[in-house]
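So you know, we letter chains A, B, ... as the sequences are listed, proteins then strands, and number each from 1.
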Amino acid sequence: MARLSNGIKLNVGKEQMEEKYNPEQIELYWQKIWGEHNTYAVKEDRSKGKFYLLEMFPYPSGRIHMGHVRNYTIGDVVARYLRMTGKNVLHPMGWDAFGMPAENAAISNKTHPKTWVDNNIANMKMQLKRLGLSYDWDREVNTSLPEYYKWEQKFFIEMYKKGIAYRAKSPVNWCPHCMTVLANEQVIDGKCWRCSTEVIIEEREQWFLKITAYAEELLKDSDTLQGWPERVLTMQKNWIGRSEGCEIRFGIDGIDDELRIFTTRPDTVYGITFMSIAPEHPLVPKIITGKTGKTATAFVERIKKGGTKARAIETGEKEGVFTGRYAISPFTGEKIPIYIANFVLMEYGTGAIMAVPGHDQRDFEFAKKYGLDIKVVIQPGDQMLDPATMEQAYEGHGTMVNSAEFTGSDSEKGKKLVIEKVVRENAGCAKINYKLRDWGISRQRYWGAPIPVVYCERCGIQTVPYDRLPVELPMDVDITGEGGSPLAKHEKFLKTTCPVCGGPAQRETDTMDTFMESSWYFEKYTSPRATDGPFDKNALAYWMPVDQYIGGIEHAILHLLYARFVTKALRDLGYVQCGEPFINLLTQGMVIKDGAKMSKSLGNIVDPEYIIQKYGADTARLFILFASPPEKDLEWSDKGVDGARRFLDRVWRLVYKHIDRLKPAGTANIGIDDKSSVLRRLTHKTIKRVTDDIKDRFHFNTCVSALMEMLNSLYEMDEKGIEDKQMPAFREAIEVLLVLLNPFAPHITEQLNKELGDTPIVDRTWPVYSPELAYENTVTVVVQVNGKLRGQVSVPESSDENEVFAAASKDEKINSYIKGKQIRKLVLVKNRLLNIVV
RNA sequence: GCGAGGGUGGCGGAACUGGUAGACGCGCCAGACUUAGGAUCUGGUGGAACAACCGUAGGGGUUCAACUCCCCUCCCUCGCACCA
């Protein structure tokens, strides 16, 4: 077996062990050793089982925060544990280095984004190393480097050629002063967050990725993600928002056009009493007519001005206006009034709906407000609905009524039957709709990966040839934050030649959404220095998919959905073999202080660097793991940190106290006397507890508890005196304690292990639990009488109910509850409990 | 409104397939060592009308036995929120 330490040499027994635990000195020492020996570098090794363990890489904001410490410590425990179980563990780290904050910093401190980001990376890397995280730093990626985004540009071009990337007009938030697109969260009360200019919704040409083409697969495959938290899957499912129904075309009275609607309730078509269309619907100008025309136009203008967001906020109040036109029902031939309604969204379905106020609450409210007809076409089993007295729509299922030939059928079956009729009569088709929209990736920003496209006056849109990639982001730019993207003003970048005709052409100046870089970085880690292609195929095939992904719940939808999509797209481009990138996902909770999430804006942050300086990295790690199980929120407590440090001090002191006896003892000749056996029992019970909790449950807090209990017991035994003949067993206990504690507190354990003169823990294997050694021939059995705890007895292991009962009746206290009463039943839980029912 | 998760001492949290509720840590109390200790060690610590009683948000049920399973109610957190 290859030594992870790459030959760390120990100068055994030369120096006197320090009496006091000095974390800083020890931690810096071991971090230097690990760095010099490249201890955590890995290679593909088919003789070993691989494990790809990944934590979400950070945005290089400058300093790490407690959330990072928590995320990466959790990952590090798993990594260190798995290595000791013999797994070949890939545990990489890198930087999500493109994005807005770098540009904002450039504007406010006149630093170039690259300088800012590079400095931040250097600083944060130092901080991560100071935590003792076991990363293979040889695999570090920085998404803002051309050698990284070059491949992203290639993927983009290939996607374009396959029709996955396309250009289209779409409405965006646009600040006319800053001349840039703003993300939704950058629009505050309808105004630009930077200059307070009124933001307008503008149609702009944008690049999109066709994630909708994968909607069905993303949804279907989410059922295979057994290792994901249920709520993340639910969020994604809701986000994809699949709904089954049909599209129906209605004629429009008086003009040669048709109105297409989507419904999930074809069984209610005979209850249609009006139609509603979105204010933005393209047919609106065409169909507004007659006396109502002016009112309708004014209404449309008013609603449009409010913007989609404002409309969503004022929930409840439904408003609309009659267009003056009628649709023709393909079922009854009736004329149905067409309304424009504020609650109909252009973005979903066809932007038009059939209104069935009897069976849809929104339509019901609308109909009540404007005095429109309500028809009942579904009757529930238990009551008779009457349109005149209904107080709300009946949205459930039942029996179809007043529905021509469908009258009498079950509404669920009716859905199918109506769709069949619609298809037969050529009035529409069955249809599945998704809420998921295509992913707009254009950003009018400088600090991102350029979209590798040029615009030629003669040849139109042309992609950059592969041999001219990367399209490098120029460094000599003036970043003001005003007047649009600096790239659009950069002559040298902008002006280029058409790859087809050689004539003058302009480059695309939009850059890609930074979610693009984070959608494939985990694949890049498998072969970060590959230059012939984005990946080394063998390395990629060996490591992917990620076995365990760990990160914050805030990425439940965007990042995780994009990453799944891009992996599928890369699979279809022939790069990746797997369709799902992350087998298991752990979403860790937030770090809380004083009842609120730690954040700069709330001023309740605790700086990890300060904690490390004051207590040491091992203490910081231990506290964070001990305070709460990973998926729950963690309440920060300074006192709790003291407690973690106290524990490490106690470990140190116990070893220090006995170091002279421990060192020569060895573990070769462990005694078989009672005290030695007790020690070994303790050791092996702890191995089991820690291993079980770390293995599948990731309940590190209980692992730490078990180790604390073990230490407490060792102190207790020490109090009573440990004789020389028990030293081997004592030494075994200490060794095991150190190895079990090592994933949590790697430096102190490695140091104490060195003091004992053992091979480095990184080279050791995880201790194996021995049931024989943990076996106890006398067990304490709890005795209940009628389910109430009344005492306990000591009996030989595996005693049956009669034996335990016999022992119990000798106990005075227990006997007082059962004497003179008739024993009706004895319930025994072997070695644990006896319930005497009297 | 819909969906998911949660409610256990003064606090963070244990109790995994129903089997000693409160492990472990913090805090608190007492004692030891000490000129002193915010160091360390030892003991105690759910509540009480302290041997028997009551206690896992509240109410009911199943069971020899319920934090755990079932039904109802309340509260908190997160996500989605006119998606037709």
Side-chain angles (χ1 to χ4, degrees), chain A residues 229-239 241-243 245 261-265 268 276 278 311-318 341-345 347-356 359-363 365-366 433-436 553-554 556-557 589-590 592 622-623 626-629 631-644 646-647 649-650 653 689 692-693 696-697 699 701-712 715-716 719 780-792 813 816-817 824-830 832-838:
Chain A
E230 195 53 44
R231 64 177 178 141
V232 174
L233 293 174
T234 318
M235 277 191 227
Q236 292 207 351
K237 280 181 193 163
N238 291 341
W239 188 261
R242 180 187 199 271
S243 56
I261 63 98
F262 172 74
T263 183
T264 54
R265 290 297 300 271
T268 65
S276 303
R311 241 197 287 168
I313 288 163
E314 34 175 288
T315 49
E317 194 57 21
K318 291 181 177 45
N342 67 340
F343 67 90
V344 180
L345 307 172
E347 311 88 78
Y348 185 77
T350 60
I353 60 168
M354 58 176 218
V356 183
H359 304 288
D360 181 288
Q361 188 57 25
R362 292 156 305 182
D363 298 340
E365 285 167 32
F366 193 87
N433 244 314
Y434 300 93
K435 280 201 270 183
L436 185 68
I553 185 77
E554 64 273 21
I557 296 173
M590 294 183 296
I592 302 286
L622 196 70
F623 167 71
F626 177 60
S628 185
E631 64 285 357
K632 276 182 94 172
D633 285 350
L634 180 145
E635 177 86 30
W636 184 265
S637 149
D638 292 343
K639 293 285 185 189
V641 182
D642 286 334
R646 203 141 42 214
F647 169 67
D649 279 328
R650 274 161 63 80
R653 271 203 313 274
R689 285 178 66 187
D692 285 352
D693 282 354
D696 354 78
R697 301 206 309 154
H699 276 203
N701 54 335
T702 53
C703 295
V704 177
S705 295
L707 293 168
M708 286 175 167
E709 284 180 60
M710 179 176 179
L711 185 72
N712 289 346
Y715 263 81
E716 223 170 277
E719 185 79 3
T780 305
V781 173
V782 164
V783 181
Q784 296 181 336
V785 179
N786 286 345
K788 291 207 154 105
L789 177 68
R790 297 303 181 197
Q792 42 186 259
K813 190 181 154 193
S816 70
Y817 288 96
R824 291 179 43 211
K825 196 172 175 186
L826 293 175
V827 185
L828 181 81
V829 182
K830 207 155 237 184
R832 300 205 65 176
L833 175 141
L834 175 76
N835 191 10
I836 304 164
V837 186
V838 296

- Has A:Arg242 got more than 12 heavy atoms of other residues, nucleotides or ligands less than 6.0 Å from its CZ?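 Yes.
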- Task: Determine yes or no for a side-chain-to-main-chain donor-acceptor pair under 3.5 angstrom, with A:Tyr715 supplying the side chain and A:Arg650 the backbone.
- Result: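 Yes, the answer is positive, given that a donor and an acceptor are paired below the 3.5 Å cut-off.
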- Is there a donor-acceptor pair closer than 3.5 Å between any side-chain N or O of A:Asn786 and the backbone N or O of A:Val838?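 Between the backbone of A:Val838 and the side chain of A:Asn786 there is a qualifying donor-acceptor contact (under 3.5 Å).
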Please give the distance between the [atom1] atoms of [N] and [M] as a whole number of Å.
N: B:A65; M: B:A23; atom1: P; result: 26 Å
N: B:C78; M: B:C70; atom1: P; result: 26 Å
N: B:C54; M: B:U8; atom1: P; result: 22 Å
N: B:A49; M: B:G10; atom1: P; result: 16 Å
N: B:C69; M: B:A32; atom1: P; result: 49 Å
N: B:A52; M: B:A57; atom1: P; result: 24 Å
N: B:C16; M: B:C26; atom1: P; result: 24 Å
N: B:A15; M: B:U68; atom1: P; result: 15 Å

Between [atom2] of [N] and [atom1] of [X], the distance in whole Å:
X: A:Glu631; N: B:C78; atom1: CD; atom2: C1'; answer: 15 Å
X: A:Tyr817; N: B:A52; atom1: OH; atom2: P; answer: 7 Å
X: A:Phe626; N: B:G12; atom1: CZ; atom2: C1'; answer: 8 Å
X: A:Glu635; N: B:G27; atom1: CD; atom2: C1'; answer: 14 Å

Touch check for [X], heavy atoms < 4.0 angstrom, all strands: base, sugar-phosphate only, or nothing?
X: A:Thr234; value: sugar-phosphate
X: A:Gly241; value: nothing
X: A:Asn712; value: sugar-phosphate
X: A:Asp649; value: nothing
X: A:Pro229; value: nothing
X: A:Gln361; value: nothing
X: A:Ser816; value: nothing
X: A:Val782; value: base

Closest to side chain of [X], choosing from [options]:
X: A:Met708; options: B:C64, B:G13, B:G25; answer: B:G25
X: A:Asn342; options: B:C64, B:U42, B:C82; answer: B:C82
X: A:Leu789; options: B:A23, B:A21, B:C54; answer: B:A21
X: A:Thr263; options: B:A65, B:A84, B:C16; answer: B:A84
X: A:Lys825; options: B:A23, B:C64, B:A52; answer: B:C64
X: A:Gln784; options: B:A21, B:A14, B:G25; answer: B:A21
X: A:Val827; options: B:G19, B:C54, B:A15; answer: B:G19

Respond yes when some side-chain nitrogen or oxygen of [X] is under 4.0 Å from OP1 or OP2 of [N], and no when none is.
X: A:Arg231; N: B:G6; value: no
X: A:Arg689; N: B:A23; value: no
X: A:Asn701; N: B:A14; value: yes
X: A:Arg650; N: B:C41; value: yes
X: A:Asn238; N: B:A4; value: no
X: A:Arg824; N: B:C64; value: no
X: A:Arg646; N: B:G27; value: yes

- Item | Row check, A:Phe366 ring normal vs A:Lys318 NZ/CZ: under 6.0 Å, within 45° |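 Negative - A:Lys318 is either too far from the ring of A:Phe366 or too far off its axis.
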- Give a yes or no on whether a donor-acceptor pair under 3.5 Å exists between the nucleobase atoms of B:C11, that is its base, and the side chain of A:Lys639.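 No, no donor-acceptor pair under 3.5 Å.
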- Query: Any N or O donor-acceptor pair linking the side chain of A:Thr702 to the base of B:A14 at under 3.5 Å?
  - Reply: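 Looking at the base of B:A14, it does not pair with any donor or acceptor on the side chain of A:Thr702 (distance under 3.5 Å).
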- Task: Assign B:C76 to syn or anti; the rule is syn for a glycosidic angle within 90° of 0 and anti otherwise.
- Result: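 It is anti.
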- Message: Can you give me the closest heavy-atom contact between A:Ala278 and A:Val344, atom names plus distance?
- Response: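 Heavy atoms of A:Ala278 and A:Val344 come nearest at CB-O, 3.3 Å.
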- What pair of heavy atoms forms the shortest contact from A:Val641 to A:Phe623, and how long is it?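 Where A:Val641 meets A:Phe623 most closely, the heavy atoms are N-CD1, 3.6 Å.
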- Query: Now, which nucleotide makes the Watson-Crick or G-U wobble pair with B:U45, with each of the two distances under 3.5 Å?
  - Reply: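 Checking every strand shown, B:U45 finds its partner in B:G27, with both distances under 3.5 Å.
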